[in-house]
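Note that this is a predicted model, so its numbers are computed, not measured. Just so you know, these numbers use all the heavy atoms, side chains as well, and skip hydrogens, waters and symmetry mates. Below, chain A is the first sequence line, B the second, and so on; all start at residue 1.
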Number of protein chains: 2
Amino acid sequence: MATTGGDRQPKYQRIANTLREAIQAGEYVPGDRLPGENDLMATHGVARMTARQALGVLQNEGIAESRKGAGVFVRAFRPLRRRGIQRLSREQWGAGRSIWSADIEDRTLVVDQVAVTEEPAPERIARVLDIAPDDAVCVRSRRFVLDGKPVLLATSYLPASLVAGSAITQEDTGPGGTYARLGELGAKPVHFREEVRSRMPSQDEANRLSLSMGTPVILICRTAFADEGRPVEVNEMTLDSASYVLEYDFDA
Amino acid sequence: MATTGGDRQPKYQRIANTLREAIQAGEYVPGDRLPGENDLMATHGVARMTARQALGVLQNEGIAESRKGAGVFVRAFRPLRRRGIQRLSREQWGAGRSIWSADIEDRTLVVDQVAVTEEPAPERIARVLDIAPDDAVCVRSRRFVLDGKPVLLATSYLPASLVAGSAITQEDTGPGGTYARLGELGAKPVHFREEVRSRMPSQDEANRLSLSMGTPVILICRTAFADEGRPVEVNEMTLDSASYVLEYDFDA
DNA sequence: AAGTGGTCTAGACCACAAG
DNA sequence: TTGTGGTCTAGACCACTTT
């Protein structure tokens with residue numbers, strides 16, 4: 001088909017734009033069903049694959065999400081708030097409200113897929129922990145599930161020589177958790193560094209977090225330091241970006 | 001074609017997996033050209049659209065990127081490091097190296113698309129700045145380009161009543177920049193809050209940052225507070241996630 | 001049973017990049 | 001000029017959800 005008039009944009013993009021604007025104008029609210037492939041074929045006079053491509057654009061943007069056999073629906077964004085620096089009182093700076101609404105609380109968090117093993121340190125971990133490659137590390141991994149929706153994967157690495165014999169090598173680390181046990185071992189964390197990046201998920205990450213199309217993950221690599229700058233733990237976290245807003249407070 | 005054996009996975013996914021594993025095994029390094037649509041049609045005996053879909057998977061994952069008329073190529077990840085909390089000396093905690101290599105320096109940063117206007121405050125900004133909706137704000141927006149590649153869009157909002165007549169309303173804010181001028185106005189920022197999230201870019205963001213498929217953006221909303229928790233600036237930033245690693249250091 | 005999205009085929013024309 | 005990816009058509013069968 002000779003493209004009729006002066007259209008410098010692909011058809012599927014024009015259709016996607018139409019739908020996107022309708023969503024942003026509030027004609028469709030989160031949870032609403034969008035016009036399906038058959039609708040778009042009829043109203044725009046295009047082939048199935050073209051209508052499909054248009055809907056794919058919105059899914060890749062994270063604006064919409066498909067449910068097999070049901071339709072394509074507008075997505076919502078209701079993130080958890082994760083405070084990187086808890087010690088600062090929130091009230092002190094409460095005059096400035098946060099920019100993204102973050103309904104929290106009154107939801108139930110379940111920990112899942114817990115595994116504790118001892119392994120040779122991966123190269124990148126050994127470098128950060130300042131130990132020899134293949135020195136043994138205690139590896140603690142788990143998944144956090146919020147109201148049935150997995151939101152976070154975490155794997156932490158600690159020098160095996162440091163934590164040997166402590167509760168850190170058990171699934172249940174006891175009251176106060178890993179950091180309390182580190183304190184008892186004379187390696188109380190006094191400083192933290194978090195490195196944050198984002199990318200699209202691997203297939204495995206998408207499965208474990210039940211991510212729909214167009215949802216990036218946030219990667220946090222948190223290093224805990226004891227006195228004298230001694231690194232004692234590296235915690236690699238993978239977050240569903242649709243479920244989180246990170247917050248960092250600090251003084252000038 | 002009747003799918004011959006027990007394949008519970010779509011063909012295009014199997015093809016994508018093959019390529020992904022080859023990349024992760026180092027058979028293709030960043031910058032290498034992957035087998036094209038015609039190659040995949042021949043070697044896997046599939047139709048054009050199926051080969052295409054397989055390559056699309058890798059692009060949506062941010063692993064590969066297509067260049068029109070040339071082919072599909074393996075992408076690299078060489079981020080900038082952005083330190084959220086500069087006052088802490090890096091050396092003090094230098095024992096723990098960072099987990100992502102971040103070649104920095106020896107690159108040239110250009111500021112671009114600078115615009116300074118005065119506008120009624122958008123609702124979300126007014127809420128954060130604790131002013132009335134539609135009170136005037138000074139809006140400063142600009143783009144940062146690193147070695148010819150745009151990496152960051154930033155728009156900051158300040159109460160117009162606070163900054164009226166100062167250099168903040170000029171394109172060139174003078175030595176020390178906006179924060180130095182705020183200090184002279186008796187509104188020196190002493191505390192900051194950064195909220196971080198990630199999502200796929202809008203079409204406009206993708207254009208202004210020259211993003212290729214499968215690249216999320218990182219959104220940072222930074223609020224600066226003067227004494228007594230008075231918010232004096234909101235800075236909304238949009239980062240190319242392939243160009244940045246964020247770093248936050250803090251004490252327990 | 002009817003409608004939906006998921007996968008797949010076998011063609012086609014185009015704009016662009018490289019030799 | 002040749003090959004590449006980008007767009008598009010007009011069919012098809014399937015698994016799934018909803019009615």
Side-chain angles (χ1 to χ4, degrees), chain A residues 1-17 19 28 31-60 63-75 203 206-207 210-214, chain B residues 1-17 19 28 31-60 63-75 203 206-207 210-214:
Chain A
M1 174 63 179
T3 56
T4 53
D7 61 339
R8 47 198 78 270
Q9 237 189 152
K11 288 186 186 181
Y12 76 93
Q13 276 291 2
R14 298 193 75 83
I15 299 173
N17 290 344
L19 291 171
Y28 303 98
D32 280 2
R33 181 176 175 276
L34 292 173
E37 297 174 359
N38 295 338
D39 298 79
L40 296 178
M41 289 168 67
T43 60
H44 291 86
V46 294
R48 183 179 189 70
M49 286 304 293
T50 305
R52 197 175 161 64
Q53 213 174 349
L55 291 169
V57 169
L58 301 182
Q59 292 173 60
N60 282 327
I63 294 172
E65 122 190 272
S66 69
R67 293 204 279 274
K68 244 186 314 193
V72 179
F73 300 82
V74 179
R75 281 181 59 177
Q203 203 170 329
N207 289 339
S210 302
L211 300 178
S212 53
M213 279 188 59
Chain B
M1 173 65 178
T3 56
T4 52
D7 62 336
R8 46 197 79 269
Q9 238 190 151
K11 289 186 186 180
Y12 77 93
Q13 277 290 1
R14 300 191 73 83
I15 299 173
N17 290 343
L19 290 172
Y28 303 99
D32 281 2
R33 182 176 174 276
L34 293 173
E37 297 174 358
N38 294 338
D39 297 78
L40 296 178
M41 290 168 69
T43 60
H44 291 86
V46 295
R48 183 178 192 71
M49 286 304 293
T50 306
R52 198 174 161 63
Q53 212 173 348
L55 291 169
V57 169
L58 301 182
Q59 293 174 59
N60 282 326
I63 295 172
E65 128 189 83
S66 68
R67 294 204 279 273
K68 243 188 313 192
V72 179
F73 299 82
V74 179
R75 280 181 58 177
Q203 203 169 328
N207 290 338
S210 301
L211 300 177
S212 53
M213 279 188 59

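Applying the side chain to side chain contact (heavy atoms under 4.5 Å, CB included) criterion to Q53(A), with sequence neighbours excluded, gives Y12(A). Every residue two or more places apart in sequence or in another chain was checked for a side chain to side chain donor-acceptor pair (under 3.5 Å) with D32(B), and none qualifies. With sequence neighbours excluded, the residues forming a side chain to side chain donor-acceptor pair (under 3.5 Å) with S66(B) are Q59(B), listed by chain and number.
Distance, L40(B) CG to dT9(C) C1': 16 Å, rounded to whole Å.
For residues 63-72 of chain A, no pair satisfies salt bridge (Lys or Arg N to Asp or Glu O under 4.0 Å), with sequence neighbours left out.
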Tabulate below the donor-acceptor pairs under 3.5 Å that side-chain atoms of residues 36-47 of chain A make, not counting sequence neighbours, or state none.
| unit_1 | atom_1 | unit_2 | atom_2 | d |
| --- | --- | --- | --- | --- |
| E37(A) | OE1 | R48(A) | NH1 | 3.4 |
| E37(A) | OE1 | R48(A) | NH2 | 3.0 |
| E37(A) | OE2 | R52(A) | NH1 | 2.7 |
| D39(A) | OD1 | G36(A) | N | 3.1 |
| T43(A) | OG1 | D39(A) | O | 3.1 |

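Taking the side chain as every heavy atom from C-beta outward, L19(B) and V57(B) never approach each other to under 4.5 Å.
Atom CG of N60(B) is separated from atom CG of L55(B) by 11.0 Å, given to the nearest 0.5 angstrom.
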I'd like a list of close polar pairs between nucleotides 2-7 of chain D and the protein, N/O only, cut-off under 3.5 Å.
| unit_1 | atom_1 | unit_2 | atom_2 | d |
| --- | --- | --- | --- | --- |
| dG3(D) | N2 | G69(B) | O | 3.0 |
| dT4(D) | OP2 | N38(B) | ND2 | 2.4 |
| dG5(D) | OP2 | E37(B) | N | 3.0 |
| dG5(D) | N7 | R48(B) | NH2 | 2.9 |
| dG6(D) | OP1 | S66(B) | OG | 2.9 |
| dG6(D) | OP2 | R52(B) | NH1 | 3.1 |
| dG6(D) | OP2 | R52(B) | NH2 | 3.2 |
| dT7(D) | OP1 | Y12(A) | OH | 2.8 |
| dT7(D) | OP2 | Y12(A) | OH | 3.1 |

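Between its opening and closing five pairs, the helix from dA1(C)-dT18(D) to dA18(C)-dT1(D) changes axis direction by 10°, a value rounded to 10 degrees.
Residues A16(B) and A54(B) come closest through the heavy atom pair CB-O, 3.8 Å.
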